[in-house]
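Structure, as structure tokens:
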Amino acid sequence: MESLQSLRGMVDLLPERTPLWQHLEATAREHFRRAAIAEIRTPLLEATELFARGIGEATDVVGKEMYSFTDRGERSCTLRPEGTASVVRAAIQHGLLSQGPQRLWYGGPMFRYERPQAGRQRQFHQIGLELLGVADATSDAEAIAIAWDLLAELGVGGLELEINSLGTPEDRLRYRAELVSWLEAHHDQLDPDSQNRISTNPLRVLDSKNPGTQALLAGAPTLADALAGESHERFAWVRQALEALGIPFVLNPRLVRGLDYYGHTAFEITSNQLGAQATVCGGGRYDGLVEQLGGPPTAAVGWAIGLERLVLLLRQGEAVVAGPAPDLYVISRGEAAACQALLLTRQGRQAGLVVERDASGGAFGKQFKRADRSGAPWAAVIGDDEAAAGVAKLKDLHGEQPERQLPVLQLVALVKESLKAASPQL
RNA sequence: GCGAGCGUCGCCAAGCGGUUAAGGCAGCGGCUUGUGGUGCCGCCAUACGGGGGUUCGAUUCCCCUCGCUCGCCCCA
């Protein structure tokens with residue numbers, strides 16, 4: 001038989017890696033708990049229209065990166081490419097917004113049909129925060145602070161927070177018109193990609209990586225100049241709040257987010273150690289989205305962290321999280337002994353111990369070899385004699401304590417005692 | 001969607017036109033038929049991603065294809 005492989009861009013997370021992921025998820029959960037943010041879980045599959053309306057028809061994500069198909073009921077369905085649209089949809093659908101501001105987080109897989117490369121997969125994982133129904137500038141800073149502190153606690157160094165203001169929809173419309181006419185006037189000096197974007201998504205020309213274009217852009221009208229006075233004031237408040245919190249940031253007037261729903265504050269947290277995909281966390285304010293998806297006018301701000309990229313950074317810092325070693329490794333030989341060993345194993349587990357049982361039935365020598373490799377401090381040995389007597393031998397694998405023979409319940413209690421002595425906080 | 005590099009055992013990796021296709025790690029078995037961590041011995045790719053071609057002969061050269069990796073685009 002020909003063997004099968006996972007689909008392109010779909011990655012298996014092997015047992016060696018899962019402890020690190022669990023650590024990361026647990027840390028994130030704890031930060032959300034302390035920030036009084038509740039978890040929301042929404043389906044992976046949504047109506048295609050949700051993303052078309054929410055993210056924007058003209059964006060790359062919607063235009064060419066979605067996993068869409070028609071189901072048996074002739075509905076166009078899409079595997080979610082991001083989390084915000086679903087969360088907003090759920091909040092509207094269940095009337096959450098009439099119950100006051102919603103502080104929500106989510107996590108899980110997202111799907112985008114792209115060419116895989118460093119820090120980019122077709123199925124990838126995000127955790128994200130959405131604050132719905134909060135309009136004040138300090139909430140923007142609060143959202144950023146939660147992300148910043150989480151990344152800091154995980155031990156990710158060398159991060160940079162970049163912020164910008166995209167202003168109101170009117171600001172952007174006005175600026176867009178200015179920029180387009182300027183770009184058209186300089187059409188011949190632009191790189192081909194940027195020339196195309198004049199008609200598709202002119203704001204994105206601003207963060208072109210083409211050096212010639214970047215140099216040229218120095219003379220282009222800036223978004224900051226196009227902002228109305230109120231937008232300016234609002235952005236000043238956000239910066240002031242960040243300063244008050246002691247969170248360092250750099251202004252990046254060229255920072256333009258690729259999803260249509262962003263306005264006012266936009267930010268990214270980047271690392272120079274990630275290769276081409278430098279953004280670990282991206283987010284901003286999206287005051288118009290709820291209404292656009294059929295809900296009441298609702299101000300909102302949020303972000304998402306890419307877990308694969310985070311893991312990349314953590315692994316560079318050698319932040320290795322070891323899997324758990326068992327407290328007790330159970331060895332047996334013979335049918336009656338195996339049964340007794342299983343009983344001991346279960347009693348140990350019921351008492352809260354981590355117990356691994358060797359089911360090979362092989363030579364004791366081999367079983368001890370595996371016991372040693374498991375890292376367990378104790379081994380319990382049951383052969384025919386012990387099985388007949390209803391006892392087990394307890395062997396100290398790390399220390400020098402002599403081997404003892406005792407009834408299984410006492411053995412479990414003894415191992416528990418020894419662990420308590422080793423780490424009193426248990 | 002475009003560009004570049006790479007594909008030899010579960011992992012790392014030599015071989016670069018004729019080899020029994022090295023070696024290391026892991027795994028399995030034994031020395032040690034009931035006691036580990038060391039050591040020693042044995043086993044572990046008719047097979048070099050797949051398909052064509054060139055050649056007396058191809059893992060080694062050429063073409064196609066698939067996959068991986070990195071970059072562009074885009075984004076977390």
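In what follows, every chain begins at residue 1, and chains take the letters A, B, ... in the order their sequences are listed.
Residue Gln117(A) places at least one side-chain N or O closer than 4.0 Å to OP1 or OP2 of G71(B). Residue Arg204(A) places at least one side-chain N or O closer than 4.0 Å to OP1 or OP2 of C75(B).
Using a 4.0 Å cut-off between charged nitrogen and carboxylate oxygen, Asp372(A) and Lys369(A) do not count as a salt-bridge pair.
For Lys366(A), taking side-chain heavy atoms from C-beta onward, the closest of the listed nucleotides G30(B), G27(B), C74(B) is G30(B). Nearest nucleotide to the Arg197(A) side chain, out of C74(B), A76(B), G27(B): C74(B). Checking U35(B), G37(B), C73(B) against the side-chain heavy atoms of Lys395(A) singles out U35(B) as nearest. Proximity note for Val381(A) (side chain, C-beta onward) versus C74(B), C72(B), U35(B): the nearest is U35(B). When the nucleotides C28(B), C72(B), G36(B) are ranked by their closest atom to the side chain of Arg370(A), C28(B) comes out on top. Here G67(B) is the nucleotide among C73(B), G67(B), G37(B) with the atom lying nearest to any side-chain atom of Gln5(A). For Asp60(A), the side-chain atoms get nearest to C73(B) when compared with the rest of A76(B), U69(B), C73(B). You'll find that the side chain of Arg115(A) is closest to G1(B), out of G1(B), C73(B), A76(B). Comparing atom distances between the Ala118(A) side chain and each of G34(B), G71(B), C72(B) picks out G71(B) as nearest.
Expressed to the nearest 0.5 Å, how far CG of Leu129(A) lies from NE2 of His31(A) amounts to 13.0 Å. The distance from atom CZ of Arg234(A) to atom CZ of Arg239(A), rounded to the nearest 0.5 Å, is 12.0 Å.
Across all strands shown, Gly128(A) has no heavy atoms under 4.0 Å from either base or sugar-phosphate atoms. No engagement by Glu308(A) is indicated, since no non-hydrogen atom pair under 4.0 Å with the nucleic acid exists. When heavy atoms are screened at a 4.0 angstrom cut-off, Gly383(A) is found touching base atoms of the nucleic acid.
A76(B) has Phe124(A) stacked on its base ring, the centres lying under 5.5 angstrom apart and the planes within 30 degrees of parallel. Stacking is not found between Phe364(A) and the pyrimidine-like six-membered ring of the U35(B) base under the 5.5 Å centre-distance and 30° plane-angle cut-offs.
Taking both residues in full, the closest heavy atoms of Val415(A) and Asp327(A) are given as CG1-O, 4.3 Å, listed atom of the first, atom of the second, then distance. Contact record, Ala376(A) with Leu397(A): O-CD1, 3.3 Å, taken as the closest heavy-atom pair.
No side-chain donor-acceptor contact under 3.5 Å links Arg333(A) to the backbone of Val381(A).
Remark: aromatic rings of His125(A) and Trp21(A) are close, center separation under 6.0 Å.
RNA chain B contains the following stems of three or more consecutive Watson-Crick or G-U pairs, with both distances under 3.5 Å: B:1-7 with B:66-72, B:10-12 with B:23-25, B:27-31 with B:39-43, B:49-53 with B:61-65.
U35(B) and C44(B) have their C1' atoms separated by 27 Å, given to the nearest Å. Here, G42(B) and C11(B) have their C1' atoms 22 Å apart, quoted to the whole Å.
The stretch residues 328-337 of chain A touches RNA chain B through Arg333(A), each having a heavy atom under 4.0 angstrom from the strand.
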